[in-house]
Amino acid sequence: MSEVLVVVDAVDGAVRKPTLELLALAKKLGTPSAVYFGGNDSAVTDKLKAFGAEKIYVVDDAEIKGYLVAPKAEALQQLVEKTSPAAVLLVSGYEGKEIAGRLAIKTGSGIITDAVDIEDGGVTTQSVFAGNYTVKSKVTKGTPIITVKPNSAAPEETAGAGEVEAFTATISDSAKKAQIVAAQPRKSTGRPELTEAAIVVSGGRGTGGNFDPIEGLADALGAAVGASRAAVDSGWKPHSFQVGQTGKVVSPQLYVANGISGAIQHRAGMQTSKTIVAVNKDEEAPIFELVDFGVVGDLHSVLPAATEQIEKRKG
Amino acid sequence: MNIVVCVKYVPDATADRQFESDNTVDRVGVDGLLSELDEYAVEQALQLKEKAGDDTEVTALCIGPEKAVDAVRKALQMGADKGILVSDEAIAGSDYLGTSLVLAEAIKKIGVPDLVMCGMASTDASGSVVPAMLAERLDLPQVTFASVIETQGDQVRIKRDGDTATEVIGATMPLVMSVTDQTGEARYPSFKGIMAAKKKPLETWSLSDLGVDAELVGLNASWSAVEETAARPPRTAGEIVTDEDGSGATALTEFLASKKFI
Ligand SMILES: Cc1cc2nc3c(=O)[nH]c(=O)nc-3n(C[C@H](O)[C@H](O)[C@H](O)COP(=O)(O)OP(=O)(O)OC[C@H]3O[C@@H](n4cnc5c(N)ncnc54)[C@H](O)[C@@H]3O)c2cc1C
Ligand SMILES: Nc1ncnc2c1ncn2[C@@H]1O[C@H](COP(=O)(O)O)[C@@H](O)[C@H]1O
């Protein structure tokens, strides 16, 4: 079977969960080969192996670390030429999508972004128009390059051979023109990562700026905290918390929207959540059209009371 | 300085967006407009022009059906100097590869500018890949998803909220930039702007004007194929309760427990 290249998304030697999901999806198309930009870091390679990587290409990133996407696309092009893979899978994020875009042009290949599933034979499912339609498509030219949204598959902890191979890429000067001048890693909130979380509890303008009820419920449920743009624009939460068209797109098992009206741009970021719950004091709020369960009420009283009951049940 | 802003004509997101029987996006039956997210790119281009002085020229470029001229016109009303619509039946149904090819060839015909500016994503496809593809095709650096833009001569620095870090990205012009809605509100066309736009140059080009082979674009030349589109089944109406004296919290807790979230 052909190899399937999975581009690893790792931060400080920690492989992020969406990469493990890609390894599981890759098995449907061929044998998973992880591509890691970094040093030979056993914490990373062990993890990739444990989740099914048969091969692990380690591309030394010393020379390309400070540059944006273009060098990675160049290295991947060379790896695609060497391995003729059945597909290249990347995580749908800023970086994954842009590497994919450049790689598609370089290799003369079709591209599919934001897949939520991949079936045998490479048919992908996407959710479009703010989640109102599902689309099935397939790459018909070149090496399928597919970016997959986080939470689209369950990671499978079945070890692969995990054979590590160093790959040396030749990087052109023209790929080294956009420089990462400074990077401030996001401070950990101590809660799950928004895009990876199984449960997301969000607050909007209806919080009036007081996120305590939101955070209390989130912690009781082990959830990530999100926000509407109105809450972000008001300065109550940083932009990295924003859920929606111009923020994060999340697809958790449970999404709880509090004091959020449900504008189309917000829906675009959460409509594919498996279960949707809303608390809003306006029974006419459009968010109620989406919910599995809704409470018409004031979040400032409903959420603390519910949090207390949940804590009690957990004992 | 020369700036080309890529503006897309998209179906109105608040209307009922649909697919045609050939699985392409219905761009005719639904009212269209200049993609909201591209207004931010136009705004930033105009601010850069205002900062750089009067000899800066901002050209709005759009690939789309004839009706897409509305998107170009809106950019002119906001303050762009020139508009170009590339419209050709052969382009209909193009994927990102076809669209980025036509955009790149149109940009070459205009003359590769100091800055190619894009929105962070189109509101219909939301691929966020066209800017990177343009950078690849034009062999330019990309500084993308900018939330703050700073320029000094030909040096550009942007801030962006990356996937895991807040980053500052720097590069030298010419380059491709994409901007987010964090860059600040886009201006509304003023009455004066609307009147002035009527006199601004607006050209329509076809593929032959660009010397692009029609075989390379359009639905049939697409490098990916849509096999099926389906409207999401309407969500079954959920249960909605009204909170009275704490009953809402209890019902919410019961629901979460019944679904095993507790
Ligand atoms: C280009 C563009 C991109 C955008 N991108 C995004 C995006 O990515 N994400 C996003 O979220 N939005 C986005 N928006 C904004 C979007 O259109 C809405 O303006 C925004 O989502 C509204 O946020 P909200 O629901 O918190 O506020 P509102 O619409 O003001 O709703 C507040 C809700 O809170 C309820 N409420 C008030 N007090 C209480 C209380 N005490 N208890 C319970 N309920 C209460 C009200 O009944 C109301 O329904 C975008 C807009 C544009 C133009
Ligand atoms: N048909 C088009 N005409 C002009 N610009 C476009 C077109 N398609 C995409 N773009 C530009 O590329 C950006 C990203 O688009 P996308 O990759 O489709 O999400 C948009 O915000 C536009 O600036």
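Per chain, numbering begins at 1; letters A, B, ... match sequence-line order. All figures in this text were calculated on a predicted structure; none of them were measured in a lab.
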Beyond-backbone contact of A:V296 with B:V241, side-chain heavy atoms, under 4.5 angstrom: no
Shortest non-hydrogen separation from B:D243 to A:G297 and the atoms involved: CB-CA, 4.1 Å
Polar side chain donor-acceptor pair, A:S174 to B:D139, under 3.5 angstrom: yes
Interchain contact, A:A70 with chain B, by part (heavy-atom threshold 4.5 Å): neither
Verdict with reasoning, B:T180 to A:T246, per side-chain contact (heavy atoms from CB on, under 4.5 Å): CA-CA 7 Å; B:T180 71; A:T246 55; over 6 Å; no
Option in B:I240, B:T172, B:T242, B:L256 with maximal non-hydrogen atom pairs under 4.5 Å from chain A: B:I240
Residue pair B:T250 / A:Q309, side-chain donor-acceptor N/O under 3.5 Å: yes
A:K106 and B:E136 ion-paired at < 4.0 Å: yes
Donor-acceptor pair between B:T144 and A:E98 side chains, under 3.5 angstrom: yes
Contacting moiety of B:F255, where chain A heavy atoms sit under 4.5 Å: side chain
Contacting region of A:V302 [heavy-atom separation from chain B under 4.5 Å]: both
Segment of A:T113 engaging chain B (4.5 angstrom heavy-atom cut-off): side chain
Engaged part of B:T166 at the chain A interface, taking heavy atoms whose separation is under 4.5 Å: both
Proximal component of A:T275, with respect to chain B [non-hydrogen, under 4.5 Å]: side chain
